Q: 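Take this structure, written in structure tokens, and hold onto it; I'll ask about it next.
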Number of protein chains: 2
Amino acid sequence: MYLCDRVQPFSVLKVNDRYYRTVWMEGSVIRYIDQNGLPFRFQIKESRTYRESCAVICGMEVRGAGAIGALAGFAMAQAFLEAPAIDPEIFLLQARREIESTRPTARNLFYATQKVFEAGIKEKANAVKAAFTLADKDAEDSRKIGEYGNDLIHDGCCIETHCNAGWLAFVDYGTALSPVYIAHEQGKKVFVYADETRPRNQGARLTAWELQQAGVPHSIIPDNAGAWFMKLGKIHLVITGADRIAANGDVANKIGTLEKAIAAHEYGIPFYVAAPSSTFDLECKTGEDIPIEERPENEVHYMEGPDEEGILRKIRVTNPFSSAMNPAFDVTPARLITGIITEKGIIHPSATHLANP
Amino acid sequence: MYLCDRVQPFSVLKVNDRYYRTVWMEGSVIRYIDQNGLPFRFQIKESRTYRESCAVICGMEVRGAGAIGALAGFAMAQAFLEAPAIDPEIFLLQARREIESTRPTARNLFYATQKVFEAGIKEKANAVKAAFTLADKDAEDSRKIGEYGNDLIHDGCCIETHCNAGWLAFVDYGTALSPVYIAHEQGKKVFVYADETRPRNQGARLTAWELQQAGVPHSIIPDNAGAWFMKLGKIHLVITGADRIAANGDVANKIGTLEKAIAAHEYGIPFYVAAPSSTFDLECKTGEDIPIEERPENEVHYMEGPDEEGILRKIRVTNPFSSAMNPAFDVTPARLITGIITEKGIIHPSATHLANP
């Protein structure tokens, strides 16, 4: 059995006729979908100790803010199960430090370890419970985002999305794709234009794979083609995720989001961002306060995938003696964003204070 | 000796310390740079008969409007050298038909075969001369485009370009890149942001290779990153080529050109198109009359390049069970174009009649 029954009612995504979350726990074992292999190899892997779980986050087998947070919570719970009966505190503090050092910039991770640690210290049995609550909350918030976003989707709606802000990036449903899944569940006819999202191709690899599993009609398009399809009237709505949202409603998200927002604005197409309210960062007054990660240029130079015999190969796709630039994110100004879909409702970016706790 | 001396004065591009054109003729032999191997393998190939030359165009070893036109002219001249002394007309008409059937949509090709045929029929010795004149005219026009475009480039200018409208697509200099080469020749400090230009990566492969050979500082950027660099003030000027220009100044060019034009307009950055006046098609009143080629989806799904051992591999880069869309071109409306750089000068797109013969 891959999946505990309690997950079922929330779960949207079937793979090979089974419902899955991206990460879950059974007894002391964490099970997760290995995202590194997707879409070419679907594999459930497991980690039996908190240390193994740390390696899963480090190796990016599980990626995406929500999914990382849930895995970190379960890993903290594993530490409580592993802790010695006498003087468990030293062991637990060390475990927490190790988990938190896997990916220092993912906020959900710190939030999750803190919550599970505090619950378990009071009463050991509560650690696992707290971890499950966190994962459920992530799935529930995503589901709510989907329900609010669903109101924006009419029958026959064609939606463009960028990168992967779907089920794989969270515990279930996702953010940008959650409204699509709900609309599809309800029998609305929808079609998704999935930007391939160079350089890492998360759109062509992960979003397309998710949509295929869910049976949602879709097509992959080169990042260059978005504005053209908008001009031709083929796109009715754009929804993307967000990595961080500043107090004024400026949104940092995967590189290329800004270009789509400008094009959507040009053609009067609604441009929405979907994200849980935890994505808002009041310490960033505007988008200019959000630091933009410059990633290694080799992500532009090399691509990986199976050859005709199914063997994974890494090839050079650029001129060998040229350099490349690889900003991972860009910042879309609030004025180009029609609304932000959160678990609390849809808000206009100039009213972001409403979403803050 | 790879290159006849007469080419030297026009030639801008050095490879391994020699000057080259993309295609030229020595005696009855046509020599050309095999573009299929670039940037991973630089190879001069030759074709000794007009039939071999037809195969070079069909196999896309030589691509780009100007380069194809020149090669077709030389191939027609080869036919005159091969023709029997008695009743050469039948042979020559057959040869012309064969050359013209290699790529039926490339207008320059028909123009070139006609000119060389007419010259050679009058006086056999004039065929080769006419073919050289055509190639020289292509190089000369490109050079003039460069000189006019050079006026737009200040010292320290950072220029974004899309796809490959450089030296390789013509006999010499190219169109969009010609102003860059002239500015660089004159000692101006320039920097080029080369869009990788998915799905065929002509920017990352050909433009980057050209710029490297010419010693022009440059960097490859994902197609997603253009607007972001514009917003950051890092791009001062955009120049692209054109595949066809309608009578009202709308420009059909490689997919993604429209997105860059919209973004440049958003940030007040001058957006220029560079093309010889033969690119204008008065039979197309507006961009809506220009047919847009939908290319095979496998160009999106697969990429080719050398693996770590230098062996060329073709890999899948998208979800195997998803479809893809691959429009090859888009149409940028005249209102988003600052000016069109032709061999006759720079014109505003609303005054395109000035460029027409």
Side-chain angles (χ1 to χ4, degrees), chain A residues 38-40 162 193-199 201 204-206 208-209 211-212 218-229 231 254-259 262-263 265-266 297 300-308 312-327 330-331, chain B residues 38-40 193-199 201 204-209 211-212 218-229 231 254-259 262-263 265-266 297 300-308 312-327 330-331:
Chain A
L38 289 177
F40 307 112
H162 194 66
Y193 290 84
D195 296 347
E196 66 172 345
T197 319
R198 281 279 289 152
N201 267 28
R205 293 171 67 117
L206 304 181
W209 180 83
L211 292 169
Q212 180 218 331
H218 66 283
S219 208
I220 298 160
I221 61 171
D223 299 313
N224 280 320
W228 180 236
F229 286 124
K231 192 186 178 196
K254 179 62 33 106
I255 190 78
T257 304
L258 172 63
E259 261 192 50
I262 294 170
H265 192 254
E266 173 78 19
E297 62 175 307
V300 179
H301 293 312
Y302 294 93
M303 291 195 83
E304 236 178 359
D307 67 10
E308 278 143 9
L312 277 185
R313 305 275 186 193
K314 191 173 168 181
I315 61 167
R316 178 98 190 184
V317 296
T318 63
N319 180 44
F321 299 101
S322 294
S323 66
M325 292 177 186
N326 186 16
D330 58 29
V331 177
Chain B
L38 290 176
F40 307 112
Y193 289 85
D195 296 346
E196 66 171 343
T197 319
R198 278 281 289 154
N201 266 28
R205 293 171 68 117
L206 303 180
T207 297
W209 180 82
L211 293 169
Q212 178 218 334
H218 67 282
S219 208
I220 298 161
I221 60 171
D223 299 313
N224 280 322
W228 179 236
F229 286 124
K231 193 185 178 196
K254 179 64 28 111
I255 190 77
T257 304
L258 173 63
E259 260 190 50
I262 294 170
H265 191 254
E266 173 78 18
E297 64 175 305
V300 179
H301 293 311
Y302 294 94
M303 292 195 84
E304 237 177 359
D307 67 10
E308 278 144 8
L312 276 186
R313 304 275 186 194
K314 190 174 168 180
I315 61 166
R316 179 97 189 185
V317 296
T318 62
N319 181 44
F321 299 101
S322 294
S323 66
M325 292 179 188
N326 186 16
D330 57 29
V331 177

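First the proteins, then the strands, lettered A, B, ... as listed; each starts at 1. Worth saying up front: this structure is predicted, and the values here are computed from it rather than measured.
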Q: For chain A, find which of B/Glu304, B/Glu297, B/Glu308, B/Met303 contributes the most heavy-atom pairs closer than 4.5 angstrom.
A: B/Met303
Q: Which heavy atom of B/Val300 sits nearest to which heavy atom of A/Pro222, and what is that distance?
A: CG2-CG, 3.9 Å
Q: If you count heavy-atom pairs under 4.5 Å with chain B, which of A/His265, A/Arg205, A/Arg313 comes out on top?
A: A/Arg313
Q: Are side-chain N/O atoms of B/Glu259 and A/Asn224 paired as donor and acceptor at under 3.5 Å?
A: no
Q: Is B/Tyr193 in contact with chain A via its backbone, its side chain, both, or neither, using a 4.5 Å heavy-atom distance?
A: side chain
Q: So which of B/Asn326, B/Leu312, B/Asp307, B/Thr197 has the largest heavy-atom pair count under 4.5 angstrom toward chain A?
A: B/Asp307
Q: Using every non-hydrogen atom in the two residues, find where A/Asn319 and B/Pro39 come nearest and quote the distance to one decimal.
A: OD1-CB, 3.2 Å
Q: Tell me the closest heavy-atom pair linking A/Ile220 and B/Ser322, and the distance in Å.
A: CD1-CB, 3.6 Å
Q: Show the nearest heavy-atom pair for residues B/Ala263 and A/Ile262, with the distance to one decimal.
A: CA-CG2, 4.3 Å
Q: What residue in B/Pro327, B/Gly305, B/Ser219 has the most heavy-atom pairs under 4.5 Å with chain A?
A: B/Ser219
Q: About how many Å separate CZ of A/Arg198 and CZ of B/Arg198, when rounded to the nearest 0.5 Å?
A: 7.0 Å
Q: Which one of A/Pro199, A/Ala194, A/Gly226, A/Ala225 has the most heavy-atom pairs closer than 4.5 Å to chain B?
A: A/Ala225
Q: Do B/Pro320 and A/Trp209 make a side-chain contact, defined as non-hydrogen atoms from C-beta onward lying under 4.5 Å apart?
A: no
Q: Kindly indicate whether the side chain of B/Lys231, heavy atoms from C-beta on, has any atom under 4.5 Å from the side chain of A/Asp330.
A: no
Q: Looking at every non-hydrogen atom in both residues, tell me the closest pair between B/Arg316 and A/Phe40 and how far apart they are.
A: O-CZ, 3.5 Å
Q: For B/Ala204 versus A/Val317, what's the shortest heavy-atom pair and its separation?
A: CB-O, 4.0 Å
